[in-house]
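Everything on this sheet refers to the single structure shown next.
Each chain gets a letter, A, B and so on, in the order its sequence line appears, and its residues count up from 1.
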Amino acid sequence: MKLIHSADWQLGCRFKNFGEKAELLRQARLKTLRRALEESRARQADAFIIAGDLFDDNEVEENIVTAAVAAFADFPEVSVYILPGNHDPFTGPASVWNRKAFLDAPANIRVFREAGFVEVNGGFLLASPLHQKQSTLDPSLKFVEMAKQLPKGSSLVGVTHGSLAIPGQYQPNDFPINLQAATRADLDYLGVGHWHNWQVYDNGRLVMPGTPEQDSFEQTGAGSIAHVVLDGHGAPPRVEQVGVGSVRWRTFGFNLLDPEGARAQLQAAVADLSTEPDSAVIRVRMQGSATQEVLVPAREWLGELLKPFQFSRLQDETSVALTRAELEHLKAGHPILAQVLADLDQVAAFSVGMRNENPAPEPLSPSQVDKVLNNAPIDRSELTAAHFELARQLLLQKFQERT
Amino acid sequence: MILETIELKHVGPFRNEVSLGPLKNGINVLAAPNERGKSTLLRAAARALFDRYTCKDDEIQSLQPAGSDLAPAIVVIFHSGGTRYRAEKRFLKNPESQFSEWRNGAWQLVAESDDADRRLQTLLQSNVPGRGATKAAHWGLLGYLWARQGDASEWPIWEGETGQFIQTRLAKVELDPLVNSLRDILWQEYAALFTEAGGRPRKNGELERLETELDQVSGELAEVQRKRRGAEDLQKRYSELGPELKRLEMEFQDREAGAKRLRGEANEVEAARSDLQLREGEFAAADEKLQAVNADVEKLRIHRKDLKEAKRALIQAVAAEKAAVAEKAAADERIAEAQTVFDSATARLASLNAARQRIADLQNLKQHETELAAAKQQAKKAQVQGAVQKALKAELGETPNVTPQKLSILHQVEQQIRESETKLEALGLAIELTPENDGAIKVHRDGAEERITLKARAKRAIHAVQAAELHLPGWGKLQVRSGATELRELQEKLDNDRADLRESLVEIGVVSLADAEQALSHRKDLQMDLRSAQEKLHGLLGDFGSLEKLEEHAAQLAVRVGALRQSLSPTGPERAKPSTDLDVQAEQLKGRVKGQQVIQADASTDLKNKRRIAGEKSEARGNAEREKINLSAKISSMEQQIESLLARYPQGIEKATKDAQGAFVRAEARRNEARSRLPAEYEKLPERSRRATQAAEEIRAAAERCGNEQHRLEGALEQAGAEGLHSKECRLAERKESLRTQVDALRARSWAARLVRDLIELRQQAATRSVLEPLEARLSAAFAEITSGADRRVFLDDELQIVGVGESREAAVGFPYLSQGAKEQLLLCLRLAVAAELSAQGRNLVILDDVLVNTDDLRQDRVLDVLRGAAEHSQILIATCHPERYRGVGELVEIRVG
Ligand SMILES: [Mn+2]
């Protein structure tokens with residue numbers, strides 16, 4: 001018995017910080033789904049299992065549903081078994097599984113709307129679908145009874161969706177699945193979905209393949225499906241992690257301490273991605289402080305470098321720095337500006353509770369502080385330290401530009 | 001700049017060309033009476049220098065000569081920065097502007113129209129408003145140096161670059177140009193997105209566009225989320241409905257079965273109840289019958305007892321009747337006896353009363369006889385007294401009728417006669433003297449001489465018989481003699497009086513006055529006697545009043561006595577009996593009558609008692625008779641009733657009673673048996689059955705509703721699911737996030753720019769403030785020179801506005817509260833200080849258009865000192881209608897025609 005086990009496709013999901021380009025990332029997933037189906041066909045798997053959360057929500061728009069069904073229909077030789085997960089539980093009439101596309105689905109698609117089993121190549125596929133978004137019940141418990149009804153000696157594969165009951169790592173109402181759930185129900189393999197990184201438990205019988213397409217910079221084990229071969233009841237499953245993800249999420253640093261070195265490093269890293277710039281999500285964190293002469297060209301260079309990557313973002317955490325000489329020059333030659341810098345610290349201390357390191361010799365009166373804060377176009381209650389840092393940077397930047 | 005010449009045509013009162021100037025560098029005094037166009041000329045020059053030549057504002061139109069449409073044309077020649085310029089403008093009709101420079105001894109046209117206006121603005125550091133005419137605030141430096149007529153006590157606000165510039169110059173602050181440029185750049189950055197005045201995002205600016213879209217997207221997102229929550233609620237309800245429906249259906253089955261069971265029980269109970277009803281009817285009938293028989297038995301017993309009693313009463317009634325008859329007869333006999341006793345008592349009382357009457361009559365007769373004798377005696381005495389009175393009246397009639405009044409008149413006449421006789425004897429001369437001075441005269445009359453003193457202007461009479469001789473000192477002798485007239489008149493009067501007296505005495509009937517007096521005395525005596533006689537007669541007559549009435553009374557008494565004698569025909573002894581005997585006899589009879597009256601009353605009472613007893617006996621007899629009859633009737637009626645009662649029970653009343661009792665016992669047993677067949681609480685069963693049926697029906701309806709709702713929700717949920725709300729929410733949230741980031745970045749940057757810029761400005765102002773003092777010192781000195789008040793200082797605020805004047809800032813009198821004179825003088829000082837400060841770049845024109853209107857002569861002189869000092873570095877043009885005030889100061893200039 002050969003299976004492809006995938007989960008958490010989350011079609012129609014939301015991407016933060018990408019604005020209108022999020023649409024492109026969503027579309028990439030459908031391509032990846034087709035790639036996974038292709039993989040299944042190539043490996044002649046008996047079942048292509050989706051262990052929950054094919055969709056991000058029951059209320060995804062119609063064209064996502066039809067596009068998914070169309071993808072399955074394009075692979076008639078692949079038997080697709082779909083389990084409703086916590087994002088797309090079978091809730092009845094409003095459920096995505098009751099859309100016309102699924103009710104009239106082609107023969108190769110089977111949705112487990114209720115718990116049950118089906119025979120697959122002499123073995124059995126046991127399904128425990130979700131009917132709600134939250135529950136404290138272990139959905140794999142049903143397999144214990146279900147397995148007893150089936151002929152002894154046949155290969156038994158469970159499919160369900162929920163969090164792994166690893167102490168301290170799961171929410172009690174998030175369908176906690178016992179870590180020995182496969183052994184407990186005498187299953188040969190228990191394919192689950194929910195978490196987005198690859199995990200294996202219960203002596204290799206309990207597998208969580210993670211999402212087939214990475215969706216955040218922080219993920220490390222995403223982008224795969226599992227290829228499972230069962231050699232008969234009792235034999236340990238042979239599980240292969242198959243990478244299908246296309247979008248690469250990368251974070252790079254650029255430190256102004258060594259602008260030249262940082263440039264060379266980044267240049268090399270990006271070169272690897274530039275063959276498929278639309279399949280890369282790049283984040284560059286620019287850090288450190290420097291003078292305008294260093295900062296401005298560095299920014300310009302980075303802008304140029306990232307131009308081909310539409311999913312790129314420059315996270316500018318730099319600050320303008322004055323040299324000691326510059327600072328002395330400012331204080332001596334422009335006492336008013338020195339005073340304003342001190343005033344900024346004072347106003348910041350007053351309004352966001354920052355510590356005032358250099359109290360001014362002639363501090364502003366409370367009414368003067370009130371006046372300047374009232375004139376500026378952000379409500380006082382919304383101010384953060386970052387705002388004052390920005391004001392400071394603005395002053396220094398303008399000062400540097402003019403000297 | 002300084003002014004050289006102003007030329008006008010078609011302006012205000014000047015229809016033809018006029019000119020002013022050329023002006024000198026120092027003080028120029030333009031002196032002319034009011035309404036000669038001084039201010040108009042200056043105003044026109046300002047319009048030419050500062051307003052756009054195309055301006056058609058009221059300010060410009062007011063330059064036109066009244067009632068004309070002539071185009072005002074103005075030429076101003078001035079110097080600035082060592083160059084001579086000429087600005088020429090025509091307004092309204094065919095407007096035109098030309099700007100020329102004096103080069104190589106001739107005017108070179110530099111610019112025309114808008115270009116010329118712009119060149120002028122740059123040179124004068126002035127600007128123009130978006131529309132309309134310029135105001136002093138637009139006039140650059142001249143805005144501060146030109147004190148306009150009427151605005152002398154107002155200082156324009158330091159505005160715009162010029163204001164700032166002058167402020168800075170005045171305060172001698174050399175502001176850091178880098179800081180200024182930073183401040184301006186930051187402001188530009190802020191103002192690119194925000195309005196300068198309101199601090200709101202600029203209309204149609206990037207920020208406004210982004211924020212508007214953000215609001216819109218947020219609204220749409222909230223709407224989608226609201227819809228989603230709605231769908232979730234539906235889903236929740238839907239998932240509850242399944243179990244609820246199942247529960248309802250099960251409950252319905254239970255209820256239905258229960259209701260059916262109760263219905264069966266209720267039907268059985270109903271049959272048993274109708275049987276019971278029948279038995280109870282029968283029982284009631286038997287009960288009724290038994291009671292009727294028992295009632296008849298009781299009735300019969302009572303009737304029989306009553307009959308027995310009635311018969312016994314009848315026997316008693318017959319005996320009573322007989323006794324009553326006998327008692328009546330005995331009573332009648334006793335009445336006859338009592339009647340006899342009463343009659344004899346009555347007869348005896350009558351004879352006693354007759355005897356008593358005769359005695360009373362005799363007493364009466366005796367009384368009348370006595371009264372008659374007395375009346376006769378009285379009449380006799382009265383007759384005698386009447387005769388006396390008559391005699392006195394006659395004598396009075398014969399006496400002469402002298403009254404005291406008449407006598408008194410006679411005495412008067414006699415007195416007059418005596419006086420006349422004396423006068424006649426004494427009658428002679430009467431001389432009256434009234435001298436002018438005090439003095440004395442000698443009088444000789446009838447053989448005597450006398451000295452008489454006279455008082456001045458006092459009348460003095462001197463009498464003499466027939467003649468008198470008066471010796472008047474210093475004058476001589478005066479002889480006076482009388483005539484006969486007065487003597488004759490007196491004689492005639494005496495004769496008349498004597499005749500009157502005689503006549504009066506004759507009339508009275510006496511001869512002399514003495515006789516008259518005697519007659520009067522006699523009359524008085526007679527009248528007194530008459531009065532006493534009358535009183536006596538009155539006493540005799542008493543109540544009768546007159547003798548006739550007394551006699552009539554006596555006659556009446558005589559008649560009565562006669563009549564009594566006739567009726568009584570008293571016997572001899574009776575007549576002889578004295579009245580005291582009669583009184584005793586009358587008293588005795590009175591006692592006997594009283595005794596006999598008591599006897600008669602007792603007899604009457606006894607008779608009445610006897611009669612009452614007889615009446616009672618008669619009534620008792622009647623009653624006994626009626627009782628006998630009544631009882632007989634009652635007995636016969638009762639016998640009849642008993643007979644009819646017995647007739648109802650042909651079989652005998654005892655048997656009937658026994659039968660009824662038997663029937664009652666049987667009916668009661670049957671009823672009890674039927675009752676025992678009903679279950680306990682059988683009365684509540686039908687209600688319970690009905691309730692159970694209703695409950696089952698209600699559950700059925702609820703289940704149906706539940707099913708309908710489920711069906712409806714299914715439809716709604718299917719529809720909601722197909723809407724793709726999640727995808728919409730995703731897209732909107734992504735868009736919102738992106739917009740929010742952009743908006744926040746823009747706002748934060750503008751905020752930072754504004755904050756830093758404001759802080760810079762704040763610090764610049766503080767720097768300015770720190771150097772205020774020197775300026776205050778300069779102003780104070782100038783003001784002190786005018787007012788000669790060295791201890792007073794002038795104070796300015798941050799904005800370089802004059803706060804007030806006084807010994808200290810706290811004790812300063814606020815500018816608004818200063819006198820008009822002080823205000824003018826202060827502002828004059830400030831203007832001159834401004835001009836002085838700026839003189840490093842060249843002389844500046846200061847225009848004082850009739851400003852020192854409230855300044856007294858003493859101060860005026862000091863003002864002139866100050867002006868003379870200022871003229872060292874400034875050009876001063878003074879327009880005034882008081883030339884005497886500026887005499888000897890500077891150059892006199894005038895408006896010249898042509
Ligand atoms: Mn999940």
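At a cut-off of 3.5 Å, with distance as the only test, a side-chain donor of B:His726 or A:Asp56 sits close to an acceptor on the other residue.
In this structure, chain A has heavy atoms under 4.5 Å from both the backbone and the side chain of B:Glu718. Contact annotation for B:Ile185: only side-chain heavy atoms (C-beta onward) come within less than 4.5 Å of a heavy atom of chain A. For chain B, the nearby part of A:Asn58 is the backbone; its heavy atoms alone come within less than 4.5 Å. Within the 4.5 angstrom heavy-atom criterion, atoms from both the backbone and the side chain of A:Glu362 approach chain B. For chain A, the nearby part of B:Glu189 is the side chain; its heavy atoms alone come within less than 4.5 Å.
Between B:Phe194 and B:Trp751, the distance separating the two ring centers is not shorter than 6.0 angstrom.
Look at B:Arg735 and B:Glu220 and you find no salt bridge, because none of the NZ, NE, NH1 or NH2 atoms lies under 4.0 Å from a carboxylate O. Comment: B:Glu213 does not engage B:Lys736 in a salt bridge, judged by the lack of any side-chain N to carboxylate O separation of less than 4.0 angstrom.
Ring-plane geometry between A:Phe55 and A:Trp97 is classed as tilted, the angle between the planes lying from 30 to 60 degrees on a 0 to 90 degree scale. Ring orientation note: the planes of A:Phe15 and A:Phe18 are nearly perpendicular, at an angle over 60° on the 30°/60° scale.
Of residues 341-349 of chain A, those residues lying under 4.5 Å from chain B by any heavy-atom pair are A:Asp343, A:Leu344.
In this structure, A:Gln310 CD and A:Ile282 CD1 are separated by 11.0 Å, a value rounded to the nearest 0.5 Å.
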